[in-house]
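Written below as structure tokens is the structure these notes are about.
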Amino acid sequence: MLEILAFSATHQARLVRQRSISSVELVQAHLARIATVNPRIHAVIEVFAAPALAAADAADRAVAQGVPAGPLCGVPFSIKDSIELAGAVCTAGTLGRRAAPPATRDATLVARLRHAGAIPIARTNLPDLLFAFESDNLLFGATCNPYDATRTSGGSSGGEAALIASGGSPFGLGSDAAGSVRLPAAFCGIAAIKPTSGRLPRTGHFPPAGGWIQALWQIGPMARHVEDLCTVMPLLAGGDGQDTSVVDMPLHDPARVDLSRLRVAFHTDNGFAPADPEVSSVVRAAARALAPDVASLAEDRPACLAQAYALEMKLLGADGGDGVRQYLQDLGSNEVHPLLTGWLDKLEPFRTSVAGLAAYWAEWDAYRTAMAAFLGRYDVILSPVYTHPALPHGASILEGNFHGFSHTMAHNMSGWPAAVVRCGVSATGLPIGVQIAAAPWREDVALAVALRLEREFGGWQPE
């Protein structure tokens with residue numbers, strides 16, 4: 001059964017449809033795995049054993065009766081505790097939400113996964129109100145990296161990444177405003193994608209979409225295998241009539257991407273935070289592996305990447321963090337985690353006036369224009385996800401470490417899709433991922449390259 005837990009969700013669903021394994025057996029195996037690993041990694045904050053088993057039994061009966069089955073028939077999945085699930089309390093990891101009423105309906109993307117036959121099995125941990133690159137809060141404590149419990153799993157979707165990497169869930173949903181899907185995926189050695197800004201509806205996320213920073217973030221799928229990202233993205237894409245930011249652009253098939261036509265750039269230094277030698281070596285190895293398959297490969301980067309960190313902090317911190325402080329107060333979160341306090345302190349230097357915000361916005365426009373111009377020469381950018389492998393608990397807020405998150409911030413600022421896949425390992429056994437960014441609406445290109453690199457380097461490996 002442990003072997004089955006290592007399979008992709010796509011393959012697990014195939015086995016259920018073929019009646020090679022029942023959905024009940026599959027869900028029971030994942031529940032047992034959660035019970036085994038969660039005392040060590042602290043990734044799961046709530047398990048839905050009874051409803052998951054009931055849904056699994058219904059799936060098995062439908063398959064036995066020949067009812068057409070969805071592409072994820074009978075397969076469990078997990079959900080970050082900022083995405084609503086009907087009947088469950090979505091705390092967003094903050095004290096003021098501890099006694100919030102249960103959600104009355106599923107988030108749009110949860111509903112779409114259910115419609116495809118998938119079964120919610122657990123909610124996973126995250127930082128206080130999602131504001132940290134570690135998943136630690138005053139309600140549930142810290143999530144540990146599966147490969148080294150003294151290290152963080154990352155944030156803000158760190159509970160998702162740790163659980164998926166440990167085999168407790170085959171795939172799940174996270175959200176990403178500065179790297180919160182990609183960074184935990186890299187720290188825990190799994191695959192993930194932040195889609196193009198405007199690709200997926202965020203209805204049912206807490207905090208909800210809106211305000212001047214809404215273009216910075218997206219919900220994104222996370223999985224051990226890139227195959228599952230390819231399976232899930234078509235199920236998630238498309239407007240829901242409620243999140244008005246969604247653009248119904250065509251979603252292309254990664255299987256139809258011709259790698260031989262791609263022009264690839266790579267870098268290990270964004271001009272602001274150079275990657276350490278171990279991470280740089282992995283990125284360079286990934287670039288070399290692609291070289292025979294693509295039209296061209298060059299070490300190059302957009303010059304504007306050096307501004308990505310300051311620009312993201314300007315847009316998040318134009319009010320010095322006052323909006324977040326007021327939001328916390330309105331929620332009743334009168335005590336917050338030190339990592340969130342540290343985030344808010346970092347926003348203070350970027351406080352500005354209305355005229356200053358207008359200037360920030362002009363800088364953002366110039367950044368996106370410069371990034372778009374780079375696409376005249378390249379189709380793909382390979383880069384570090386972060387400057388180091390997974391950090392020790394509490395170290396993400398240190399100034400030098402914090403600058404490393406500029407590598408993921410770069411593509412929140414551009415709005416481009418960016419995937420992550422494990423391509424190497426540190427001397428201490430920690431996973432090292434590579435980030436693959438592509439042009440807007442070309443998730444297929446990012447995923448096609450991720451598939452190629454996964455085949456070359458093996459992708460996820462058991463802890």
Side-chain angles (χ1 to χ4, degrees), residues 82 92-94 126-135 137 154-158 174-184 194 197-198 202 205-220 245 270 272-273 304-331 333 336-368 371 386 396-399 401-416 418:
S82 60
T94 196
L126 73 175
D128 194 333
L129 203 64
L130 289 70
F131 268 85
F133 290 106
E134 303 177 42
S135 293
N137 60 64
S156 60
S157 309
S175 52
D176 187 317
S180 291
V181 161
R182 292 159 290 155
L183 181 85
K194 178 198 76 69
S197 295
R202 295 164 292 179
H205 188 280
F206 188 90
W212 74 76
I213 65 167
Q214 82 157 1
L216 295 180
W217 69 277
Q218 274 286 285
I219 295 175
S245 72
N270 61 7
F272 179 72
C304 63
L305 287 184
Q307 283 82 55
Y309 174 85
L311 186 51
E312 171 118 9
M313 298 299 283
K314 286 176 179 179
L315 292 174
L316 292 175
D319 63 352
D322 287 348
V324 176
R325 294 185 185 93
Q326 185 63 53
Y327 196 73
L328 288 163
Q329 183 176 328
D330 292 346
L331 289 175
S333 294
V336 300
H337 194 277
L339 287 171
L340 174 51
T341 301
W343 243 105
L344 294 174
D345 289 345
K346 288 185 183 302
L347 295 179
E348 182 61 38
F350 299 94
R351 182 186 295 276
T352 190
S353 62
V354 172
L357 178 58
Y360 288 175
W361 210 271
E363 288 181 50
W364 190 15
D365 284 341
Y367 177 90
R368 288 181 288 189
M371 290 293 284
Y386 183 66
S396 67
I397 204 67
L398 301 177
E399 192 70 12
N401 289 336
F402 205 80
H403 289 171
F405 303 120
S406 56
H407 287 278
T408 48
M409 291 175 175
H411 302 300
N412 295 95
M413 301 312 307
S414 70
W416 293 8

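Positions are given from 1 along the sequence. Because the structure is predicted, anything quoted here is derived from the model rather than measured.
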message = Run the side-chain contact (heavy atoms from CB on, under 4.5 Å) test on Glu363 and Gln307 for me, step by step, so that the C-alpha distance in whole Å, both residues' side-chain angles and the decisive distance to 0.1 Å come before the verdict.
response = CA-CA 9 Å; Glu363 288 181 50; Gln307 283 82 55; 5.9 Å; no
task = Evaluate the criterion side-chain contact (heavy atoms from CB on, under 4.5 Å) for residue pair Phe131 and Leu126; output intermediate values, then yes/no.
result = CA-CA 9 Å; Phe131 268 85; Leu126 73 175; over 6 Å; no
ask   = Do the side-chain N and O atoms of Ser245 and Arg202 include a donor-acceptor pair separated by under 3.5 angstrom?
value = yes
key: Pair Arg182 + Asp176, salt bridge at N-O below 4.0 Å   = yes
task = State the NE2-OG distance between His337 and Ser135, to the nearest 0.5 angstrom.
result = 10.5 Å
query = Side-chain donor-acceptor pair under 3.5 Å between Asn270 and Ser406, yes or no?
reply = yes
Qualifying residue, where the test is side chain to side chain contact (heavy atoms under 4.5 Å, CB included) with Val324 and the options are Val336, Leu129, Leu316 = Leu129
ask   = Does a side-chain heavy-atom distance below 4.5 Å link Trp217 with His205?
value = yes
key: Asn137 and Pro127, any side-chain heavy atoms less than 4.5 Å apart   = no
request  = Give the minimum heavy-atom separation between Pro207 and Leu130, together with the two atoms involved.
outcome  = CD-CD1, 4.1 Å
inquiry  = For a side-chain contact (heavy atoms from CB on, under 4.5 Å) check, start with the C-alpha distance between Phe272 and Leu305, then their side-chain angles and the critical distance, and finish with the verdict.
reply    = CA-CA 8 Å; Phe272 179 72; Leu305 287 184; over 6 Å; no
Mutual orientation of the aromatic rings belonging to Tyr309 and Phe350 [parallel < 30°, tilted 30-60°, perpendicular > 60°] = perpendicular
request  = Verify the ring-centre separation between Phe402 and Phe133: is it less than 6.0 angstrom?
outcome  = yes
ask   = Are the aromatic ring centres of His407 and Tyr386 under 6.0 angstrom apart?
value = no
